[in-house]
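Working notes, structure below.
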Amino acid sequence: MSGSYDDSVGVEVSSDSFWEVGNYKRTVKRIDDGHRLCSDLMNCIHERARIEKVYAQQLTEWAKRWKQLVEKGPQYGTVERAWCAFMSEAEKVSELHLEVKGSLMNEDFEKIKNWQKEAFHKQMMGGFKETKEAEDGFRKAQKPWAKKLKEVEAAKKAYHAACKEEKLAISRETNSKADPALNPEQLKKLQDKVERGKQDVLKTKEKYEKSLKELDSATPQYMENMEQVFEQCQQFEEKRLRFFREVLLEVQKHLDLSNVASYKNIYRELEQNIKTADAVEDLRWFRANQGPGMSMNWPQFEVDEWSADLNRTLSRREKKKASDGVTLTGINQTGDQVSQPNKHSSVSSYEKNQSYPTDWSDEESNNPFSSTDANGDTNPFDEDTSPAMEVRVRALYDYEGQEQDELSFKAGDELTKMENEDEQGWCKGRLDNGQIGLYPANYVEPIQ
């Protein structure tokens, strides 16, 4: 029968059964394993707490970096605010994970540490008190039965040896009968040896059977004592298992943020912020603040005050003096869009600062617009103009003539400039239809 040998009782262990002498050591070892498992669980929780802390720090750093980038970047409206709410979610979740880290270390870790200290008591010579008590209990329960088992093993060994000797003696006796050279005295000795062998077999067999009966009678008490010690170990282990289950449930509660009201509120608020993002509103805002909806100080035509005693051509502007210049309400850039001007522009900066004598009249020779016709039928622009002075120009803005001798044109129209600008900022020109008249010099530009 193969097996191992237990030094504590000097008996061969023949199987893996708990009842075999020495196999209780696996139960005792479980106590030491329980202490180690407590330490392992604490290390496990400590590592998870460290992960929670690192994750919280990474969330905070990530949110801070991206929040700065978004806030410094172009702001286009509600979608960007929803994006910032995304970073705020990370900051709030980071705080919750720091709370998880604190719960794991301050509650769960400390709880296991204290329980381990209370459940396992170290001895001066090493090991734990609970392990020694279990070891001593099993040894005490096994000692009587192990002693009888040892006697059974010895009796069995003696019986088997006697049987072997008997068989050898019988074999020798049988072989000697076929040997004619063997004398009667030698044959008698062999026969006596066979007889003694039979007697030894009977004696050892009787002793073997007796030791087995004694072992059988001691077995029930042995089993009862072993069960008692084993149950004590089971109760100790049950406490550890129940404690582990309780702690793990606490860990689960600390890790499960889905049951935390503030955690739910974070994502409820994030969802609301995202849903309030309105693409149409953002586009409308950008149009009003960065696009065509912005206000513009469009240029307007301004005419300085004119003297009441100017010649007939200039006196027609006297009515514009009360409004401090002529305001153009129909300035049109080249294209389809109609402008809304709100800025005045002077015809001539020189004109605004120049004073004129009050004794001018239409008969003065230096008035280019004077008429010699008493009836006013003669057009002062009918005289010939030197072709060398004519220049083709293009209108920059719309202009509606205020007097009969003024031209009217639209932005983009081309006309011919017949004379240079006078001191009041007016030019003489001719439209393509042949009409000749005056127009503001700064309303046109030369055609390149």
Side-chain angles (χ1 to χ4, degrees), residues 298-332 338-339 341 343-386 389-446:
W298 299 102
Q300 290 183 334
F301 177 68
E302 296 180 358
V303 178
D304 289 340
E305 298 178 357
W306 292 77
S307 171
D309 295 331
L310 291 176
N311 57 44
R312 181 188 59 79
T313 304
L314 297 179
S315 64
R316 66 182 179 272
R317 297 164 184 75
E318 183 178 0
K319 59 185 177 181
K320 303 169 187 176
K321 182 178 180 181
S323 60
D324 193 20
V326 176
T327 300
L328 301 182
T329 59
I331 298 176
N332 222 3
V338 177
S339 62
K343 184 177 180 180
H344 291 75
S345 175
S346 298
V347 173
S348 172
S349 59
Y350 174 82
E351 173 192 347
K352 180 174 286 189
N353 298 322
Q354 181 69 31
S355 62
Y356 301 98
T358 59
D359 55 349
W360 283 13
S361 68
D362 290 342
E363 278 68 33
E364 289 181 351
S365 61
N366 62 345
N367 186 349
F369 309 126
S370 63
S371 175
T372 58
D373 190 344
N375 296 326
D377 295 333
T378 303
N379 190 332
F381 306 122
D382 288 342
E383 65 267 22
D384 293 335
T385 304
S386 175
M389 296 295 296
E390 295 185 353
V391 178
R392 292 292 288 176
V393 294
R394 180 183 292 109
L396 295 172
Y397 316 103
D398 293 352
Y399 180 71
E400 186 71 25
Q402 303 297 313
E403 301 291 344
Q404 292 182 356
D405 59 351
E406 293 182 11
L407 299 178
S408 298
F409 46 78
K410 299 291 184 180
D413 289 351
E414 295 183 3
L415 61 153
T416 301
K417 175 182 174 182
M418 301 175 63
E419 293 182 0
N420 290 331
E421 176 184 356
D422 63 13
E423 295 179 348
Q424 288 76 41
W426 290 84
C427 282
K428 182 178 179 182
R430 181 178 65 246
L431 298 178
D432 290 345
N433 60 7
Q435 181 184 356
I436 298 175
L438 299 175
Y439 64 88
N442 59 351
Y443 268 51
V444 301
E445 66 176 357

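Each residue takes its place number in the sequence, starting with 1.
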- Query: For Gly401 and Ser408, which heavy atoms make the closest approach, and how far apart are they?
  - Reply: N-OG, 2.8 Å
- Message: Tell me the closest heavy-atom pair linking Met418 and Gly429, and the distance in Å.
- Response: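 Scanning both residues completely, I find the closest heavy atoms to be SD-C, 3.8 Å.
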- Might you work through the salt bridge (charged side-chain N to carboxylate O under 4.0 Å, His left out) test for Glu390 and Lys417, ending with a clear yes or no? CA-CA 5 Å; Glu390 295 185 353; Lys417 175 182 174 182; over 6 Å; no
Would you mind reporting whether [Y] and [X] have side-chain heavy atoms less than 4.5 Å apart?
| X | Y | value |
| --- | --- | --- |
| Glu414 | Val393 | no |
| Val391 | Thr416 | no |
| Leu415 | Arg430 | no |

- Item | Asp413 side, atom CG; Leu407 side, atom CG - distance, nearest 0.5 Å | 11.0 Å
- So CG of Leu438 and CD of Gln424: to nearest 0.5 Å the spacing works out to 10.5 Å
- Asp405 and Lys428: salt bridge (charged side-chain N to carboxylate O under 4.0 Å, His left out), yes or no, with the steps? CA-CA 10 Å; Asp405 59 351; Lys428 182 178 179 182; over 6 Å; no
- Query: Counting N and O atoms only, with roles assigned by atom type, does the side chain of Glu406 sit under 3.5 Å from a partner on the main chain of Gln402, one being a donor and the other an acceptor?
  - Reply: yes
- Taking the inter-plane angle between the rings of Tyr439 and Phe409 on a 0 to 90° scale, is it parallel (under 30°), tilted (30 to 60°) or perpendicular (over 60°)?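 Because their plane-to-plane angle is over 60°, the rings of Tyr439 and Phe409 count as perpendicular.
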